[in-house]
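Below: one structure, written as structure tokens.
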Amino acid sequence: MPILEIFLKYIGTLCNELKDDTFAFMLPSRLAISHNRNYDQIQEATEYMTDMLVANKSKRFILAPYIQDDHWMLLLFCLYESVIYVFDSLRKERKIRLTTPARTAFKLYVPEGGLRNNRKEFLWHHTEVQCPQQEGGTECGFYVMRYMHDIVMLSQKNPNVNWKVGLALGQIFYSRMLMIRCVCHGSQNG
């Protein structure tokens with residue numbers, strides 16, 4: 001089981017402790033599509049996504065850690081707005097392989113009572129989402145865990161956060177990273 005799936009259980013427990021029932025979670029292992037776009041993987045991801053959307057149509061958000069080409073990202077499905085925000089610690093232009101499965105899942109989700117907000121498909125926000133960026137080449141999974149935690153915590157303070165701007169998310173993340181670095185640096189020198 002990938003560490004991010006274990007962390008999803010922690011985030012679910014955190015939501016329960018906060019008495020927050022607005023979040024649902026998709027497992028990254030069920031969303032994986034290889035670079036050669038294997039038809040069976042696409043079909044399985046589409047069916048899983050459809051099932052999750054229909055089963056959680058009363059939720060406001062679905063958090064979905066997603067890996068593509070050895071890089072982790074976080075997809076935040078905002079069901080009330082029919083928008084998917086991509087929190088990418090490398091924020092570069094990339095074709096997200098889940099775009100077509102999400103389009104198909106949306107078309108199957110709407111007739112089952114899902115909200116659509118006059119949209120024909122999910123609106124995607126990717127490179128314009130402002131989020132903390134990794135400095136090295138291997139921290140993307142850590143960033144996804146922090147994004148999930150901070151999104152849940154920010155939604156407690158402000159249920160109408162503009163996830164595209166994400167400035168508060170970045171400030172909280174940066175201050176925590178700075179504190180961790182200071183404590184670690186201090187313990188090594190003291």
Side-chain angles (χ1 to χ4, degrees), residues 1-16 21-117 119-127 129 131 134 138-149 151-152 163:
M1 176 182 297
I3 189 86
L4 282 168
E5 289 189 17
I6 295 169
F7 193 78
L8 277 175
K9 290 182 180 191
Y10 162 74
I11 294 294
T13 301
L14 176 64
C15 288
N16 288 338
D21 65 349
T22 61
F23 284 91
F25 311 96
M26 288 188 194
L27 299 175
S29 59
R30 302 288 307 273
L31 298 173
I33 299 174
S34 63
H35 68 281
N36 62 1
R37 292 176 171 75
N38 177 289
Y39 176 79
D40 291 337
Q41 289 176 326
I42 293 170
Q43 189 64 28
E44 184 178 315
T46 302
E47 289 172 8
Y48 175 69
M49 199 178 303
T50 302
D51 291 345
M52 290 300 294
L53 289 170
V54 171
N56 294 291
K57 62 186 170 197
S58 65
K59 303 288 186 185
R60 184 159 185 204
F61 306 110
I62 297 178
L63 293 172
Y66 174 63
I67 190 166
Q68 179 173 301
D69 301 327
D70 297 323
H71 177 66
W72 285 101
M73 297 167 268
L74 178 66
L75 307 180
L76 173 63
F77 289 72
C78 295
L79 299 182
Y80 290 7
E81 295 86 15
S82 301
V83 174
I84 299 173
Y85 294 96
V86 181
F87 290 84
D88 183 350
S89 61
L90 288 179
R91 195 184 312 137
K92 67 178 194 176
E93 193 65 42
R94 68 177 85 236
K95 173 90 169 111
I96 305 290
R97 291 189 196 113
L98 282 180
T99 305
T100 300
R103 184 178 301 122
T104 303
F106 185 83
K107 289 177 182 174
L108 298 171
Y109 153 77
V110 170
E112 295 292 329
L115 297 173
R116 71 180 218 169
N117 297 314
R119 298 193 201 281
K120 294 180 182 177
E121 60 186 58
F122 282 112
L123 177 63
W124 288 75
H125 291 293
H126 181 201
T127 55
V129 173
C131 59
Q134 68 187 66
T138 59
E139 302 93 3
C140 53
F142 173 76
Y143 276 77
V144 167
M145 289 188 275
R146 292 308 312 193
Y147 296 156
M148 287 190 287
H149 180 269
I151 286 168
V152 168
W163 299 112

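Values below: every heavy atom of this structure, side chains too, minus hydrogens, waters and symmetry copies. Residue numbers start at 1 and run along the sequence shown.
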Pairing residues for [X] by the side chain to side chain donor-acceptor pair (under 3.5 Å) criterion, not counting sequence neighbours:
X	answer
Q134	S89
R30	none
E47	Q43
T50	none

List in chain and number order the residues that pass ring-ring contact (aromatic ring centres under 6.0 Å, His included) with [X], two or more places apart in sequence or in another chain; answer none if no residue qualifies.
X	answer
Y48	none
F23	F61
Y80	none

Which atom pair, heavy atoms only, marks the closest approach of [X] to [Y]?
X	Y	value
L79	N56	CD1-O, 3.4 Å
H125	L123	NE2-CD2, 3.7 Å
L4	G141	CD2-O, 3.8 Å
L8	M26	CD1-O, 3.4 Å
P101	T46	CB-OG1, 3.1 Å

Approximate separation, where rounding is to 0.5 Å, of [X] [atom1] and [Y] [atom2]:
X	Y	atom1	atom2	value
S82	K120	OG	NZ	14.0 Å
L31	Q41	CG	CD	11.5 Å
F142	M145	CZ	CE	7.0 Å
M73	Y147	CE	OH	11.0 Å

Answer yes or no: is there a side-chain heavy-atom contact under 4.5 Å between Y85 and C131?
->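 Answer no - side chains too far apart.
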Tell me, do Y10 and I6 make a side-chain contact under 4.5 Å, heavy atoms counted?
-> no
Test log, rule side-chain contact (heavy atoms from CB on, under 4.5 Å), inputs L90 and C140 | CA-CA 8 Å; L90 288 179; C140 53; over 6 Å; no
Enumerate the residue pairs fulfilling salt bridge (Lys or Arg N to Asp or Glu O under 4.0 Å) with a member in residues 57-68, sequence neighbours excluded, ordered by first and then second residue.
->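 Those involving residues 57-68 are R60-E81.
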Pairs involving residues 65-76, ordered by first then second residue, that meet side chain to side chain donor-acceptor pair (under 3.5 Å) (sequence neighbours left out) | Y66-Q68, D69-R97, H71-D88
Residue that, paired with L76, satisfies side-chain contact (heavy atoms from CB on, under 4.5 Å) out of L63, I62, V129, V86 | L63
Not counting sequence neighbours, which residues clear side chain to side chain contact (heavy atoms under 4.5 Å, CB included) with K95? List them please.
-> R37, T99
Sequence neighbours excluded, which residues qualify as side chain to side chain contact (heavy atoms under 4.5 Å, CB included) partners of A102?
->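 Scan of A102 (side chain to side chain contact (heavy atoms under 4.5 Å, CB included), adjacent residues dropped) gives M49, I84, F122, W124.
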